[in-house]
Amino acid sequence: MYLGLDLGTSGVKAMLMDGEQRIIGSASGALDVDRPHPGWSEQDPADWIRAAEEAIARLRETHAQALAAVRGIGLSGQMHGATLLDEGDAVLRPCILWNDTRSFREAAALDGDPQFRALTGNIVFPGFTAPKLAWVRENEPEIFARVRWVLLPKDYLRLWLTGEHMSEMSDSAGTSWLETGKRKWSASLLAATHLEERQMPELVEGTDAAGTLRPELAARWGMGPGVVIAGGAGDNAASACGMGTVGEGQAFVSLGTSGVLFAANASYLPNPESAVHAFCHALPNTWHQMGVILSATDALNWHSGVTGRSAAELTSELGESLKAPGSVTFLPYLSGERTPHNDAAIRGVFAGLGHESSRAVLTQAVLEGVSFAIRDSLEALRAAGTKLKRVTAIGGGSRSRYWLSSIATALNLPVDLPADGDFGAAFGAARLGLIAATGADPAAVCTAPETAETIAPEASLVPAYEDAYQRYRRLYPAIKEAAL
């Protein structure tokens, strides 16, 4: 048996699978986020341990015999969090999370130093780890002076599980301290934030063994000795392992609260100018790119709140057959935008409204706006050298046939729907636990699920979609100038 532990923002999920990768059971422990000031987002690392203990205890209630057979544990987690420890591994302050924006000034200052983009392949975003440490140095100098270790959230769980200070490449690539192409810490980037490499965890690949489970925990959970803990992965890379998106040209689009276009790469292909994330993958000698849009299903949920109709009601009004884009265009920048604009201040807009603009017309524009935002990410990935022939759709928005058809036509790529199953980060983490414990071939383990159905682009509407996309592209500079 193999266990995947995924430390998310709202909870810790534990998933148990057997050697044939059949899911045996899963359980969760809940987490809350503290927001003591506007723009702040924090969690107490002790709550991560509590939630993990709760999840494993619930699994043990129903699957004690299977849990006793665990040979490997993989870790996945929310990225970018700054978990600060002193010499004795005591937590110095609450962890500053990925969605905390307090360090926007520090991020801009670091991004103005050319070596950050040159070495990391990425813009320094406020959510990344390095600007958070710059903020702590400026605003909490007494804490900064005591920092002995900086760990990412899942790696704090590893410290609890194994006693080891270790991390892996995919999560560490989101710190702004990793030389992404060479897969190693950069002494010069650390020095730019007044830190040293000795304050960073040891780096391994996500498929490597990264410690063994402490005997007292193994005894408490009814496990045997020598349970291997894998390096693991950041949450998106772990999801990619669960989806089998690990080889050159493989990609998925995730329609969740935010939207992600994730592509696996056999080489390092940075393009920071388009706000594309270029990170190490969880597998050796593999990288990945991500285009991220901040409002995907969130845009439809906003429209739902305004109209007083559920998302399902709104999309059902459109019917099954894809329609040509109308005169209304929607920019889904409700909380700013990441790819390709890196613009936290921009906001969304409806353009082209007329007396004839019904609720259904606005719904259609919202779905198309998100589809075009994902097309922006595709163009940014193409500019960095990525060639895609198809994508797989996951996430809550993928339940809408109309939306999938819109995305396929906007991208002019077929969109595959996987067969039913849970292929998320916890499953990917369990796969990494299996590889680390057995030495299995990562490519043979991280296979793609069967395709239940493929949504092809609506060929007759591709030209109309292209025209509408170009209109969409022209709107951003116009509203950007108006907002200045």
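Throughout, residue positions are numbered sequentially from 1 according to the sequence presented.
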So Q289 and H277, side chain to side chain contact (heavy atoms under 4.5 Å, CB included) or not? Walk me through it.
CA-CA 5 Å; Q289 294 170 319; H277 294 338; over 6 Å; no
Side-chain contact, heavy-atom cut-off 4.5 Å: [X] with [Y]?
X	Y	result
R390	L413	no
T315	L300	yes
I293	V370	yes
F262	H281	yes
C446	I435	yes
L110	Q115	no
Y2	Q21	no
L152	S172	yes

Assess whether side chain to side chain contact (heavy atoms under 4.5 Å, CB included) is satisfied between S167 and K154, documenting all intermediate values.
CA-CA 9 Å; S167 190; K154 79 170 192 323; 3.9 Å; yes
Could you tell me which non-hydrogen atom of [X] sits nearest to which non-hydrogen atom of [Y], and how far apart they are?
X	Y	result
G231	V204	CA-CG2, 4.1 Å
Q364	A324	NE2-O, 3.0 Å
A282	C241	CB-SG, 3.9 Å
P284	T207	CD-OG1, 3.5 Å
F128	I123	CE2-O, 3.5 Å
L334	S295	CB-OG, 3.9 Å

Distance-only criterion, 3.5 Å: show the donor-acceptor pairs between side-chain atoms of residues 374-384 and protein atoms not counting sequence neighbours.
| unit_1 | atom_1 | unit_2 | atom_2 | d |
| --- | --- | --- | --- | --- |
| R375 | NE | E379 | OE2 | 2.7 |
| R375 | NH1 | A410 | O | 3.0 |
| R375 | NH1 | E466 | OE1 | 3.1 |
| R375 | NH2 | E379 | OE2 | 3.4 |
| R375 | NH2 | E466 | OE1 | 3.0 |
| R375 | NH2 | E466 | OE2 | 3.4 |
| D376 | OD1 | Y469 | OH | 2.6 |
| D376 | OD1 | R473 | NH1 | 3.1 |
| E379 | OE2 | R382 | NH1 | 3.0 |

Please indicate whether [X] has more than 12 foreign heavy atoms, meaning atoms of other residues, nucleotides or ligands, lying under 6.0 Å from its [atom1].
X	atom1	answer
D32	CG	no
R117	CZ	yes
D441	CG	yes
W403	CH2	yes
Q470	CD	yes

So, the side chain of [X] versus the backbone of [Y]: is there a donor-acceptor pair under 3.5 Å, distance only?
X	Y	result
T120	N122	yes
T297	G256	yes
D416	T392	no
S398	G395	yes
S103	P126	yes
Y402	K323	yes
W287	S267	no
S170	G234	yes
D155	L151	no
T409	S406	no

Return yes if a side-chain donor-acceptor contact under 3.5 Å exists between [X] and [Y], otherwise no.
X	Y	result
S310	E313	yes
D6	S76	yes
T257	D298	no
Y465	S371	no
N99	T9	no
E317	T363	no
R471	T329	yes
D343	Y333	no
T175	W185	no

Show your reasoning for whether side chain to side chain contact (heavy atoms under 4.5 Å, CB included) applies to H341 and Y476.
CA-CA 9 Å; H341 304 305; Y476 171 76; 3.4 Å; yes
Interatomic distance, [X] atom [atom1] to [Y] atom [atom2] [nearest 0.5 angstrom]:
X	Y	atom1	atom2	result
S400	L255	OG	CG	9.0 Å
D171	L203	CG	CG	10.5 Å
L7	R158	CG	CZ	12.0 Å
M169	T286	CE	OG1	12.0 Å
L322	L404	CG	CG	11.0 Å
Q43	I96	CD	CD1	12.5 Å

Less than 6.0 angstrom from the centroid, inside 45 degrees of the normal: does R338 satisfy that with respect to the ring of F125?
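Output yes; distance and angle both within limits.
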Please confirm whether R35 makes a cation-pi placement over W40, using NZ or CZ under 6.0 Å from the six-membered ring centre and within 45° of the ring normal.
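Negative - R35 is either too far from the ring of W40 or too far off its axis.
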Below 3.5 Å, can you tabulate the donor-acceptor pairs from side chains in residues 130-137 to any protein atom, sequence neighbours excluded?
| unit_1 | atom_1 | unit_2 | atom_2 | d |
| --- | --- | --- | --- | --- |
| K132 | NZ | H80 | O | 3.0 |
| K132 | NZ | L97 | O | 2.7 |
| K132 | NZ | G127 | O | 2.6 |
| R137 | NH1 | H194 | NE2 | 3.4 |

According to the side-chain hydrogen bond (donor to acceptor under 3.5 Å, both in side chains) rule, which pairs have a member within residues 231-252, sequence neighbours left out?
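Listed by first then second residue: nothing to list.
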N-O pairing of E337 and R347 below 4.0 Å
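No, no charged N to carboxylate O under 4.0 Å.
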Carboxylate-amine/guanidinium contact R183 E205, below 4.0 Å
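The answer is yes: the pair qualifies as a salt bridge.
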So W177 and M200, side chain to side chain contact (heavy atoms under 4.5 Å, CB included) or not? Walk me through it.
CA-CA 10 Å; W177 290 314; M200 297 296 111; 3.8 Å; yes
